[in-house]
Amino acid sequence: MKMPDPDQVIIARKAEIAAALREIVPGEGVIVEEQELKAYESDGLTAYRQVPLIVVLPSTTEEVSRVLAYCQENEVKVVPRGAGTSLSGGALPLADGILLGLGKFNRILEIDFENRCAVVQPGVTNLGITKAVEHAGFYYAPDPSSQIACTIGGNVAENAGGVHCLKYGLTTNNLLGLKMVMIDGTVVEVGGKHLESEGYDLLGLMTGSEGLLGVVTEVTVRILRKPETARALLLGFGSSEAAGDTVAAIIAGGIIPGGMEMMDKPAIHAAEAFVHAGYPLDVEALLIVELDGPEAEVDQLIERVSEIAKAEGATTLRASQSDEERLTFWAGRKAAFPAVGQISPDYYCMDGTIPRHQLAKVLTRMTELSSHYGLRVANVFHAGDGNLHPLILYDANTPGELEKAEDFGSDILKLCVEVGGVLTGEHGVGVEKRDLMGSMFTETDLDQQERVKCAFDPKALLNPGKVFPQLHSCAELGRVHINRGQLRFPDLPRF
Amino acid sequence: MTESLRPESDEQVREVVAWAVGEEAPLEILGRGSKRGLGRPLQTQRSLDLSGLSGITLYEPEELILRARAGTPLAEIEAALAENRQQLAFEPMDPGPLLGAEPGGGSLGGLLACNLAGPRRVKAGAARDHFLGFEAVSGRGEAFKSGGRVVKNVTGYDLCKLLAGSYGTLAVMTEATLKVLPAPEKTRSVLVLGLEERAGVQALSRALGSAHEVSAAAHLPAEIAARSAVAYIRDAGASVTLVRVEGTGLSVEHRCRALRAELADFGETEELHSHNSATAWTEIRDVGPLLGKGEAVVWRLSVAPTQGPEVAARLRAELAAQAYYDWGGGLVWLAVEGSEDLGTDDGGEAAVRRALGSGGHATLIRAPEDLRARVPVFQPQDPAKAALSERIKSGFDPRRVLNPGRMYAGV
Ligand SMILES: Cc1cc2nc3c(=O)[nH]c(=O)nc-3n(C[C@H](O)[C@H](O)[C@H](O)COP(=O)(O)OP(=O)(O)OC[C@H]3O[C@@H](n4cnc5c(N)ncnc54)[C@H](O)[C@@H]3O)c2cc1C
């Protein structure tokens, strides 16, 4: 993956830039030593590494504003970073750019139970929000598996999802407001404690914008009351088709479970070996279906889903009888990534989404690709919403295997697009899928997206090299192409 | 006289816009025209009428998605969903009756462009939250797309969000894909009678903060309740606070019981069953039946739920106004009566903005054209946001040919 050529002039100015930044962020908030910078050289996509020019750790919106204004004026690139758990290289540093760490923004500013929201700083972890409100029976719904570590700012930037998103929505559906700083230092407040932000939906646009439009310094999230109860079903099937049909039948039956996750045989075996959750090992596919809500309803729906699963030929069917048992069902799924990490030196996590009915076709094709590349693959799948996480197993120490894994991954993602799906469901484009954007979008589509970028950051200083395969200049993108006089007035019905 | 152009293909839409760009001839973008009276009046000589782009092009109930051309009547979409016991969970309001148009006249494109929502907004979100992808023509006369047909998608910027609520000022949608959801098996509402407004909203907060999965929460002061078509509400002779639950039969009964217990200390409680409950929420959703078909100017205020009654109280001190609350207090529908007599010719605009203070925003929904031309219809933006909006507009529509000025002057 090629990143833009570093600007040697900026690199040569390192000392001067650091000094200027120290004027803004006092004390230890500006890091320049190679040894310390190394801690920031990669995010969750560890195959890519780059030591940043300088790390800056501001602690107020005012400091962020001044840092960005300085960077804009001096044409220094900026990469925002939360906890650095991005799996698409969204927080990958630049040799000629500063890494703006939001870790010091770690305070919960306000909890407002009556209005069912919390105002937090972007460096607060996802789980940290739930921890702060659970004493009153509330929680923050989107629950990425990385929730212990990842920050709400990173969640906003990636529009993170989790296993409960089928019923409760993604990050974008659970936000009320933002405070953000634009690259020229302007502070913009969007939304608040009310349900709709005024004017263009900047809140929606910022969510999932991968740090390319602005730096988020405050987030207002919705908090929900914990469901009265939750129960899960563990269902085993002789084929992934049967599991897929079960998912379709549950939804066609008018049931939207709190979570509905599928694992294929390799993933089941890896997870079972790792956490001993009691998963059946003689099945081809495993489904975990969680129903949450009022007790009366949950018990009724557990019955209905059991009937559906039996009709589709489930060979294992266990309904959790206690919360402890429910959590055991989940333990294997939640630990699926590290579990796969145990059976292979390295793994590469993909994140495509497909229309659900294409699952069997995609899995078959993936098996073919697996033998073509000679690499194993294990699948975990947010089955309810079609979000597939194939984990490609490889060994980085074997020359050429990483490249092979990447090619395999690209083929999988292109396959997702081919069957009507998309390149990324929740991990973001980042650097990883940047060059695949053309398989989903035309040049016109991408130009229109880049024009949005131009409205926020005309010099393309915020997180360059991510998301877009090639950057056009904003002047070029702004031009209007018309063929005056050549266009005939369309011959249409008029009234 | 304005001329109306009615394309029948996406390509014809592109041709019209490309022509308009070349001639710098601004267009009014119309779905089926049901919300024409919403927003600032336009100064265009031509309208682009999308009613010729009609029809559901893809509906897969078990995948929970529906795709249709932009001019498809909403009524057609709702009928197709109902056949499969599904629905648009955001419960789009039908502003037709409020704006003096026939009910049921809206289109898919209009619904998205205005980001409609209804009482279920508190649980399920608005149109924006169910908008998965689109095909459109930008104000550059170029066809482009964004999003897709799957729920989980973070590939590129979420331009669906940007188009939702852009009132046709950024691009002309030609086709859109929506997420759809199962319709509930059963619906009931719990009523609490006789609460004053602050207590009413407190009761709503408690209900929404409970584990009973409340799907709507409104408060109707006595004079508003008296206009309801539901006898129970109309004849209560007091304010009515309503909380809705939906789900399987057993669950709905159980939760109604639990909610009545939970709200008992507020006052006397009642239950509304299927038909009455549905009628009440349709009235609350569509506003028209409750705020009267008269001449009153109607505002829509979006505020922090607990602020609803405070803002209304401040307003009533200045204006002859009636209000009711949806979204747990966070949505205030306000009718300003006889503003001309009060010596204010701004439809209460200055008072409304003052009452809001720094939180929330207000939109003038129903007003005569001259008033909508005179006062800001949408919440005025601070300079930074206004400049940003203008730059976003320029990226999509540099020559200002798509509904120019519908939201803000210059946008
Ligand atoms: C084991 C594991 C499991 C995971 N499971 C899930 C999952 O279930 N669901 C899911 O969605 N993701 C998952 N992820 C991916 C990752 O955790 C999410 O994308 C997360 O939202 C990233 O948050 P972060 O704080 O680590 O952000 P970072 O990795 O630091 O940054 C991510 C992006 O956000 C930008 N950014 C960060 N903070 C800000 C800010 N304040 N303002 C502007 N831009 C900012 C960065 O520039 C970058 O582009 C997983 C990752 C791992 C390692």
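Per chain, numbering begins at 1; letters A, B, ... match sequence-line order.
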request  = Heavy-atom distances under 4.5 Å only: say whether B:Glu253 touches chain A with side chain, backbone, both or neither.
outcome  = neither
request  = Provide the closest heavy-atom pair for A:Val188 versus B:Ala384 in the form atom of the first, atom of the second, distance.
outcome  = CG2-CB, 4.3 Å
request  = Please test B:Leu64 against A:Ile251 for side-chain contact (heavy atoms from CB on, under 4.5 Å), starting from the C-alpha separation and ending with a verdict.
outcome  = CA-CA 8 Å; B:Leu64 301 174; A:Ile251 287 175; 3.5 Å; yes
ask   = Is it true that a side-chain atom of B:Glu63 and a backbone atom of A:Arg356 form a donor plus acceptor pair closer than 3.5 Å?
value = yes
query = Checking B:Val252 against chain A: side chain, backbone, both or neither under 4.5 Å from a heavy atom?
reply = neither
inquiry  = Less than 4.5 Å to any heavy atom of chain A: does that hold for the side chain of B:Ile392, its backbone, both, or neither?
reply    = both
message = Minimum heavy-atom separation for A:Tyr200 and B:Ser166, please, with both atom names.
response = CE2-CB, 3.7 Å
remark   = Which of B:Arg353, B:Arg300, B:Lys385 passes salt bridge (charged side-chain N to carboxylate O under 4.0 Å, His left out) with A:Glu198? Answer is B:Lys385
request  = Check whether any side-chain heavy atom of A:Leu212 sits under 4.5 Å from a side-chain heavy atom of B:Tyr157, and report yes or no.
outcome  = yes
ask   = Counting only N and O atoms by type, is there a donor-acceptor contact under 3.5 Å from the side chain of A:Thr424 to the main-chain atoms of B:Thr155?
value = no
request  = Dump the intermediate steps for side-chain contact (heavy atoms from CB on, under 4.5 Å) on B:Val21 and A:His481, then the final yes or no.
outcome  = CA-CA 9 Å; B:Val21 176; A:His481 300 279; over 6 Å; no
ask   = Nearest heavy-atom pair of B:Val154 and A:Glu210: which atoms, and what distance?
value = O-OE2, 4.0 Å
Heavy-atom proximity to chain B below 4.5 Å, by part of A:Leu170 = side chain
ask   = When you measure from the side chain of B:Glu62 to the backbone N and O of A:Ala248, does any donor-acceptor pair fall under 3.5 Å?
value = no
ask   = Relative to chain A, which segment of B:Phe396 carries a heavy atom at a distance below 4.5 Å: side chain, backbone, both, or neither?
value = both
request  = Indicate yes or no: does A:Glu228 engage B:Arg255 in a salt bridge with an N to O separation below 4.0 Å.
outcome  = no
request  = Ignoring hydrogens and angles, state whether a donor on the side chain of A:Glu196 or B:Ser302 is under 3.5 Å from an acceptor on the partner side chain.
outcome  = no
ask   = Side chain, backbone, both or neither: which part of A:Ser209 has an atom under 4.5 Å from a heavy atom of chain B?
value = both
message = Using heavy-atom distances under 4.5 Å, tell me whether A:Phe113 contacts chain B through its side chain, its backbone, both, or neither.
response = neither
ask   = Are any side-chain N or O atoms of A:Thr353 and backbone N or O atoms of B:Asn153, one a donor and one an acceptor, separated by less than 3.5 Å?
value = no
message = Is B:Pro398 close to chain A through its backbone or its side chain, or both, or neither, when contacts mean heavy atoms under 4.5 Å?
response = side chain
